[in-house]
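Only this structure's heavy atoms are used, side chains among them; waters, hydrogens and symmetry mates stay out.
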Amino acid sequence: MRKSLVITVSLLLLFALAGCGTSAAGDHLARVKAAGKITVATEGAWAPFTYHDETTNELVGFDVEVAKEVAKRIGVEAEFAEGDFDGGLTGVSQGTFDMMANGVDVTDDREQTFDFSDPYAYDHAVVVAKADNADISSFDDLSGKTTANSVGSTYAQMGEDNGATVVNVPTLGETMELVENGTADATINANTSVQDYFNTTGNTSLKVVATDEETTKYAIPLKKGADNDTLREEINKAIADMKADGTLSEISVKYFGSDITKE
């Protein structure tokens, strides 16, 4: 009987200690601050949002600087993990990455899996086709056509929703190449990235043939759940402060030549 009592007390003590350990670990924000860093999923191949400088090979871009500034205001360092778009979202949903900064637009479907920060930039989706293409002048005209887009992107979904067969490729440059060589009839992408591509490459063989009237809202996705409530609040505060002091606008003008941070 005495032995049983000792074992029971010992087990209760272990459970109590385990409970204290869990409490000490805190929520996601507490763990991020304890680690001194926040892991950020990003592609690193989608200019001007996230890409590598041709001279230094440094990871740069609008979203990269936004993420760094958000991390700084939370009081930690941003640690970037590069990979394909779909893998980044999956990693956030599984808790492999703390957040994602990659022009992730808020959709009803994604809101079932992620808790989003407040939007920090706004854009429009556009359709790009060959300059001499007379068959596509709207999203509806994509029905029966082939579009090229990265897997898991909203743009790939838009192609499918409009009746297109989607060829999945990882980068904007590759999607443009497929349209240019006739493998795909069109591609759907962010107007900001498309214009940057045209300005950077000087390509005149392609053109924007349609623009979506609905505004795309870019935000930071976090794994869904109460564990992320305080982290999301801190991110939202950082975004609000960056808007108020002009930092967000400055980053936008640096990479886009205009302010896309106001709806």
Side-chain angles (χ1 to χ4, degrees), residues 40-51 61-67 70 80 82-93 97-128 139 142 147-162 164 166 168-172 175 186-197 208 210-224 228 232 235-236 238-240 242-243 248-249 251-252 255-256 258-263:
V40 185
T42 196
E43 283 181 292
W46 187 40
F49 289 89
T50 165
Y51 64 104
F62 174 69
D63 273 311
V64 173
E65 288 204 24
V66 169
V70 166
F80 293 92
E82 296 181 52
D84 62 74
F85 185 86
D86 198 39
L89 283 178
T90 300
V92 172
S93 70
F97 310 123
D98 297 315
M99 57 178 267
M100 186 170 182
N102 205 105
V104 181
D105 48 322
V106 183
T107 67
D108 291 339
D109 285 344
R110 286 178 181 161
E111 286 186 311
Q112 302 304 308
T113 305
F114 304 97
D115 284 331
F116 281 92
S117 71
D118 294 334
Y120 59 87
Y122 305 88
D123 209 341
H124 288 273
V126 296
V127 179
V128 176
F139 281 80
L142 295 175
T147 64
N149 282 104
S150 58
V151 63
S153 68
T154 305
Y155 309 119
Q157 187 62 53
M158 290 178 77
E160 292 178 0
D161 290 345
N162 283 280
V166 179
N168 292 310
V169 291
T171 68
L172 174 63
T175 67
T187 183
I188 305 171
N189 217 291
N191 184 53
T192 48
S193 284
V194 168
Q195 296 307 325
D196 179 76
Y197 173 84
V208 171
T211 301
D212 188 13
E213 293 182 1
E214 186 173 343
T215 301
T216 299
K217 298 179 180 180
Y218 296 135
I220 293 171
L222 303 172
K223 183 178 180 180
K224 200 169 189 67
N228 275 310
R232 189 173 69 256
I235 291 173
N236 284 341
I239 291 171
M242 289 163 65
K243 286 182 178 180
L248 201 56
S249 294
I251 298 173
S252 176
Y255 287 100
F256 300 110
S258 61
D259 188 0
I260 68 166
T261 66
K262 297 179 177 64
E263 190 170 9

Contact between Tyr255 and Asp196 at the side-chain level, heavy atoms closer than 4.5 Å - yes or no? no
Which distance, rounded to the nearest 0.5 Å, do you find between the CG of Asn236 and the CG of Asp118? 3.5 Å
Just by distance, with hydrogens left out, do Thr192 and Asp123 show a side-chain donor and acceptor under 3.5 Å apart? yes
Once rounded to the nearest 0.5 Å, what's the spacing between atom CZ of Phe116 and atom CE of Met100? 10.0 Å
Would you mind reporting whether Phe49 and Phe256 have side-chain heavy atoms less than 4.5 Å apart? yes
Testing the basics here: between Ala156 and Ser150, what is the closest heavy-atom pair and its distance to 0.1 Å? CB-O, 3.6 Å
Atom pair CG (Leu222) and OG (Ser93), whose distance is rounded to the nearest 0.5 Å: 12.0 Å
Under a 4.5 Å cut-off applied to non-hydrogen side-chain atoms, are Leu89 and Phe114 in contact? yes
Atom CG of Leu248 and atom OG1 of Thr261: how far apart are they, to the nearest 0.5 Å? 4.5 Å
Can Thr216 and Asp105 be said to form a side chain to side chain donor-acceptor pair (under 3.5 Å), step by step? CA-CA 6 Å; Thr216 299; Asp105 48 322; 4.9 Å; no
Do you know which of Val166, Thr154, Thr175, Asn149 makes side-chain contact (heavy atoms from CB on, under 4.5 Å) with Ile188? Asn149
Validation row: Ser153, Met158 side chains within 4.5 angstrom (heavy atoms): no
Give the minimum heavy-atom separation between Thr147 and Ala164, together with the two atoms involved. CG2-CB, 3.7 Å
Of the non-hydrogen atoms in His124 and Asp212, which two are nearest, and what is the gap between them? ND1-O, 2.9 Å
Report yes or no: do Asp63 and Tyr120 form a side-chain donor-acceptor pair below 3.5 Å? yes
Taking Ala101's backbone N and O only, do any of them form a donor-acceptor pair with Thr42's side chain (distance below 3.5 Å, no angle check)? yes
Please determine whether side chain to side chain contact (heavy atoms under 4.5 Å, CB included) holds for the pair Phe97 and Val40, giving the CA-CA distance in whole Å, both sets of side-chain angles, and the decisive distance to 0.1 Å. CA-CA 6 Å; Phe97 310 123; Val40 185; over 6 Å; no
Are the side chains of Gln195 and Val126 in touch, meaning some heavy atoms are under 4.5 Å apart? no
A quick test of your reading: do over 12 heavy atoms of other residues, nucleotides or ligands sit less than 6.0 Å from NZ of Lys243? yes
Return the minimal non-hydrogen interatomic distance between Glu82 and Gly44, and the atom names on each side. OE1-CA, 3.7 Å
Atom pair CG (Asp109) and CD (Glu111), whose distance is rounded to the nearest 0.5 Å: 9.5 Å
Which pair of heavy atoms, one from Phe85 and one from Gly152, lies closest together, and at what distance? CE2-O, 3.6 Å
Is the backbone N or O of Glu43 less than 3.5 Å from a side-chain atom of Asn102, with the two atoms forming a donor-acceptor pair by type? yes
Ignoring hydrogens and angles, tell me if any N or O in the side chain of Thr187 forms a donor-acceptor pair with the backbone of Ala148 under 3.5 Å. yes
Minimum heavy-atom distance Ala190-Trp46, with the two atoms named: CB-CZ2, 3.9 Å
Nearest-0.5 Å distance, CG of residue Asn228 to CD1 of residue Ile235: 8.0 Å
